[in-house]
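Report on the following structure.
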Amino acid sequence: MAIDAPAAARERRGLLNALGLHRRELRAWAMYDWANSAFICTIMTAVFPIYYVRVAGAGLAPAEATERFATATTVGLLIAAVLGPILGTLADYVAIKKRLLATFMGVGVAATAMMWFISQGDLLLASILFILANVGANGSFVFYEALLPHVARPDEMDRVSTAAYAMGYIGGGILLVVNLAAIQKPELFGLPSVEIASRLSFVSVAVWWLLFSIPLFRRIPEPPVAREADEGPKMNPVRVAFDRLGETFRALRGYKQAFLMLLAFLIYNDGIGTIIRMATAFGTELNIPQSTLITAIVVVQFVGVPFAFLFGSVAGWIGAKRAVFIGLAAYVGISILGYHVQDGGDFMRLAVLVGVVQGGTQALSRSLFASMIPRHRSGEFFGFFSVFEKFAGIMGPLIFALVLNATGTSRSAILAIIAFFVVGGILLAFVDVEEGQRVARAEEAAAAGGVAPEPGTVGMTGGHP
């Protein structure tokens with residue numbers, strides 16, 4: 001029976017449209033999530049925290065090594081938080097979003113590759129490289145996320161953002177499975193030890209991250225500059241960046257809904273970030289086997305794939321804001337269950353629950369904020385978004401470390417983060433999404449001389465799927 005090629009092509013386009021991946025530039029943008037999720041999975045979440053505590057931190061009590069890891073996380077996020085809004089604003093004025101993305105990515109890739117040299121007791125080297133890798137990864141996210149309003153139309157943002165998270169789950173999960181196999185059975189890969197397999201996993205992340213970032217740089221052009229009325233092309237770009245930054249900070253009163261969204265995100269993402277960054281260190285402290293910890297992260301990755309897409313669909317039915325509320329309610333339950341974890345089975349059940357809500361909640365937060373900002377100032381606004389995201393990351397591990405130091409156990413810190421979900425959810429309830437979107441579109445129209453540019457046209461080439 002002959003295959004109906006046009007029908008198959010229409011079906012493929014229909015599926016890609018439903019997923020939010022129906023244009024080449026959308027798929028290229030989402031591929032960076034596939035690329036950098038290898039870092040998030042293997043370095044930030046699964047293998048490196050265990051390696052840091054057990055190998056680099058050899059000789060220290062597990063709780064003390066966990067505290068050092070939390071401190072290194074805080075330092076890296078703080079540096080990225082300071083640089084984010086300044087460089088994001090500069091990138092809007094001189095159109096260097098992709099160049100800065102490449103620069104930070106290069107720092108992250110290089111630091112990750114150099115983790116190969118970390119061996120028994122190399123706590124200082126491990127801390128320095130982890131800080132640099134965090135600066136590189138989180139700095140690149142500012143410019144990556146700032147491209148979203150330029151490649152996706154307003155009605156596409158929720159689907160595109162959640163699709164990118166789903167691709168990140170798949171990409172990060174695939175590499176993590178390979179690394180897990182090598183760590184569990186190093187002899188099958190011709191490796192002499194678990195330590196060598198772990199160090200090779202760091203190198204694999206660097207190669208993966210670099211290789212799969214190429215589509216973004218090839219397919220997505222640098223967004224055009226849209227300068228303010230009082231800005232000229234020959235002005236000092238650094239001075240303009242600081243002037244814009246000050247104006248944006250003062251003008252946040254005019255973006256009341258976007259600013260309120262940022263405050264809510266700052267608080268509830270603190271809880272999400274703490275769970276992501278400290279889960280395996282917490283499990284290591286409880287003497288849960290390394291194989292169980294890493295397998296749990298794999299479970300999160302692959303459970304997260306369908307549920308990230310599902311959250312995008314749910315947002316289309318009930319709105320992104322309500323979908324985020326569902327995720328926050330689930331996180332309250334996860335925190336309560338986390339306090340009572342006793343063994344690997346409990347940890348694995350928590351992993352399934354986290355996989356259900358993690359990607360969708362964060363992806364919809366990103367797209368919700370993107371819908372309430374003017375596109376020609378996306379760099380500076382996502383710079384602020386990055387600051388709020390990083391300060392959330394700073395407070396979580398810092399509080400985790402302080403509570404751990406005071407009590408000698410991480411259980412109290414796990415329970416304490418419920419407050420972040422509750423308070424963040426209350427603030428989110430006051431966000432008027434439609435009003436925020438109206439204000440952003442009005443400023444776009446003013447910047448374009450009274451004609452609002454068509455969203456999602458950057459990088460479109462004849463509508464090819």
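- For Ile275 against Ser335, the heavy-atom pair with the smallest separation is CD1-OG, 4.3 Å.
- Side-chain contact check for Ile318 versus Val314: some heavy-atom pair is nearer than 4.5 Å.
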**Request:** Quick one: do Leu428 and Met261 satisfy side-chain contact (heavy atoms from CB on, under 4.5 Å)? Show the steps, please.
**Result:** CA-CA 6 Å; Leu428 181 62; Met261 173 66 202; 3.7 Å; yes
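- Take Phe212 and apply the ring pair (Phe, Tyr, Trp, His ring centres under 6.0 Å) test, not counting sequence neighbours, and it matches Trp34, Trp208.
- Judged as a side chain to side chain contact (heavy atoms under 4.5 Å, CB included), and not counting sequence neighbours, the contacts of Leu125 are Phe117, Ile118, Asp122, Leu129.
- Residue Pro49 comes nearest to Thr45 through the heavy atom pair CG-O, 3.6 Å, listed as atom of the first residue, atom of the second, then distance.
- For Tyr51 and Phe202, the gap between ring centers is short of 6.0 Å.
- Looking at residues two or more places apart in sequence or on another chain, you find a salt bridge (charged side-chain N to carboxylate O under 4.0 Å, His left out) between Asp33 and Arg366.
- Not counting sequence neighbours, the partners of Ile128 by the side chain to side chain contact (heavy atoms under 4.5 Å, CB included) test are Leu124, Leu132.
- Side-chain atoms of Asn179 and Ser204 include a donor-acceptor pair closer than 3.5 Å.
- Using cut-offs of 30° and 60° for the angle between ring planes, the Tyr144 and Tyr32 rings count as tilted.
- Counting non-hydrogen atoms of neighbouring residues, nucleotides and ligands closer than 6.0 angstrom, the CE atom of Met114 reaches no more than 12 such neighbours.
- Using a 4.5 Å heavy-atom threshold, the side chains of His150 and Lys97 count as touching.
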**Request:** Go through Glu156 and Arg23 one step at a time and tell me if the salt bridge (charged side-chain N to carboxylate O under 4.0 Å, His left out) criterion holds.
**Result:** CA-CA 11 Å; Glu156 297 172 332; Arg23 296 196 305 275; 2.8 Å; yes
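- With sequence neighbours excluded, no residue forms a salt bridge (charged side-chain N to carboxylate O under 4.0 Å, His left out) with Arg322.
- Checking Leu293, Val205, Thr42 one by one against Val47, the side-chain contact (heavy atoms from CB on, under 4.5 Å) holds for a single residue, Thr42.
- With rounding to the nearest 0.5 Å, the separation of OG in Ser365 from NZ in Lys321 is 12.5 Å.
- The aromatic ring centres of Phe421 and Tyr268 sit 6.0 Å or more apart.
- Looking at Val357 and Phe311, their side chains come closer than 4.5 Å, going by heavy atoms from C-beta outward.
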**Message:** Run the side-chain contact (heavy atoms from CB on, under 4.5 Å) test on Ile214 and Met31 for me, step by step, so that the C-alpha distance in whole Å, both residues' side-chain angles and the decisive distance to 0.1 Å come before the verdict.
**Reply:** CA-CA 9 Å; Ile214 294 173; Met31 278 301 296; over 6 Å; no
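- A side-chain N or O of Ser127 and one of Tyr52 form a donor-acceptor pair less than 3.5 Å apart.
- The minimum heavy-atom distance between Tyr169 and Ser37, with the atom names listed, is N-OG, 4.5 Å.
- The two residues Leu328 and Gly425 have their closest heavy-atom pair at CD1-CA, 3.8 Å.
- For Phe217, the CZ atom sits in a packed shell: over 12 heavy atoms of surrounding residues, nucleotides or ligands are nearer than 6.0 Å.
- Residues Asp346 and His340 have side chains not in contact (no heavy-atom distance under 4.5 Å, counting atoms from C-beta outward).
- Salt bridge status for Arg438 with Glu434: absent, with no side-chain N to carboxylate O gap under 4.0 Å.
- Partners of Ala30 by side chain to side chain contact (heavy atoms under 4.5 Å, CB included), not counting sequence neighbours, listed by chain and number: Leu21, Ala164, Met167.
- Taking the centre of each ring, Phe130 and Phe48 come in below the 6.0 Å mark.
- Between Gln362 and Asn269, the closest side-chain pair of non-hydrogen atoms falls below 4.5 Å.
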